[in-house]
J.: 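Following this message is one structure expressed as structure tokens.
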Amino acid sequence: MSTDALVSRELKSLQEAVALLQQQRTAAAAPTDNVATGAEPVHTAEDEEWHADLRALADEVTGFFEEAEKNISQHPTSSVVGALLVGILIGRLLGRH
């Protein structure tokens, strides 16, 4: 019976903590919330540079996967054997603690 009371108190404590964090988050977001005021979000040069870097990274990853797809479709057997060997190697490395 005491375990139920303990769990109940812990649950209530966690609910209070979540409520407090939600209030803090709402209060912190309120002054800079451009969506609610209808204003356009402010983009700095640093934001633009960061977005450009992310776009470049996404393009590189897409190109890498397209090239990998071509190579795998051209050489399916060697791709499967290579993946199997890499899996075995990783398994052995992780198996040693």
Side-chain angles (χ1 to χ4, degrees):
M1 194 71 163
S2 65
T3 346
D4 290 338
L6 180 64
V7 169
S8 181
R9 276 188 300 197
E10 184 66 27
L11 182 58
K12 184 165 178 63
S13 170
L14 288 172
Q15 287 172 338
E16 290 170 355
V18 167
L20 179 64
L21 288 173
Q22 286 176 338
Q23 289 173 352
Q24 290 173 347
R25 184 176 177 201
T26 303
T32 59
D33 191 9
N34 291 334
V35 175
T37 61
E40 290 293 319
V42 178
H43 294 290
T44 63
E46 186 177 312
D47 289 342
E48 294 298 325
E49 183 179 339
W50 189 72
H51 286 288
D53 289 344
L54 283 178
R55 276 189 231 98
L57 177 64
D59 291 342
E60 288 292 324
V61 169
T62 303
F64 172 77
F65 281 118
E66 288 173 353
E67 188 66 30
E69 187 176 339
K70 278 193 251 177
N71 288 335
I72 290 170
S73 62
Q74 289 174 355
H75 309 287
T77 305
S78 61
S79 297
V80 170
V81 170
L84 179 65
L85 292 175
V86 168
I88 291 171
L89 178 65
I90 291 173
R92 289 200 178 232
L93 289 174
L94 293 177
R96 297 180 187 183
H97 294 285

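Here the structure is a predicted model, which is why all the values come from computation and not from measurement. Residue numbers start at 1 and run along the sequence shown.
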J.: Does Glu69 have more than 12 heavy atoms from other residues, nucleotides or ligands lying within 6.0 Å of its CD?
T.: no

J.: Rounded to the nearest 0.5 Å, what separation is found between the CZ atom of Arg55 and the CD atom of Glu60?
T.: 14.5 Å

J.: Tell me whether Val61 is reachable from Phe64 by hopping between hydrophobic residues (I, L, V, M, F, W, Y) whose side-chain heavy atoms are closer than 4.5 Å.
T.: yes

J.: With no hydrogens and no angle check, is any side-chain donor or acceptor of Ser13 less than 3.5 Å from a backbone partner on Arg9?
T.: no

J.: Can you tell me how far apart CG (Leu21) and OG1 (Thr26) are? Round to the nearest 0.5 Å.
T.: 10.5 Å

J.: With a sphere of 6.0 Å drawn around CD of Gln24, does it hold more than 12 non-hydrogen atoms of other residues, nucleotides or ligands?
T.: yes

J.: If you round to the nearest 0.5 Å, how far is CG of Leu20 from CD of Gln22?
T.: 10.0 Å

J.: In terms of hydrophobic clusters joined by side-chain contacts under 4.5 Å, are Phe65 and Leu57 together?
T.: yes

J.: Rounded to the nearest 0.5 Å, what separation is found between the CG atom of Asp53 and the CD atom of Glu48?
T.: 11.5 Å

J.: Between atom CD1 of Ile72 and atom OG1 of Thr77, what is the distance when rounded to the nearest 0.5 Å?
T.: 12.0 Å

J.: Report whether Val86 and Leu94 are members of the same hydrophobic cluster (ILVMFWY, side-chain heavy atoms less than 4.5 Å apart, transitive linking).
T.: yes

J.: Using side-chain heavy atoms (C-beta onward) and a distance below 4.5 Å, is Asn71 in contact with Gln74?
T.: yes

J.: Rounded to the nearest 0.5 Å, how far apart are CD of Glu66 and NZ of Lys70?
T.: 7.0 Å

J.: Kindly check if the number of other-residue, nucleotide or ligand heavy atoms within 6.0 Å of CD (Glu46) is above 12?
T.: no

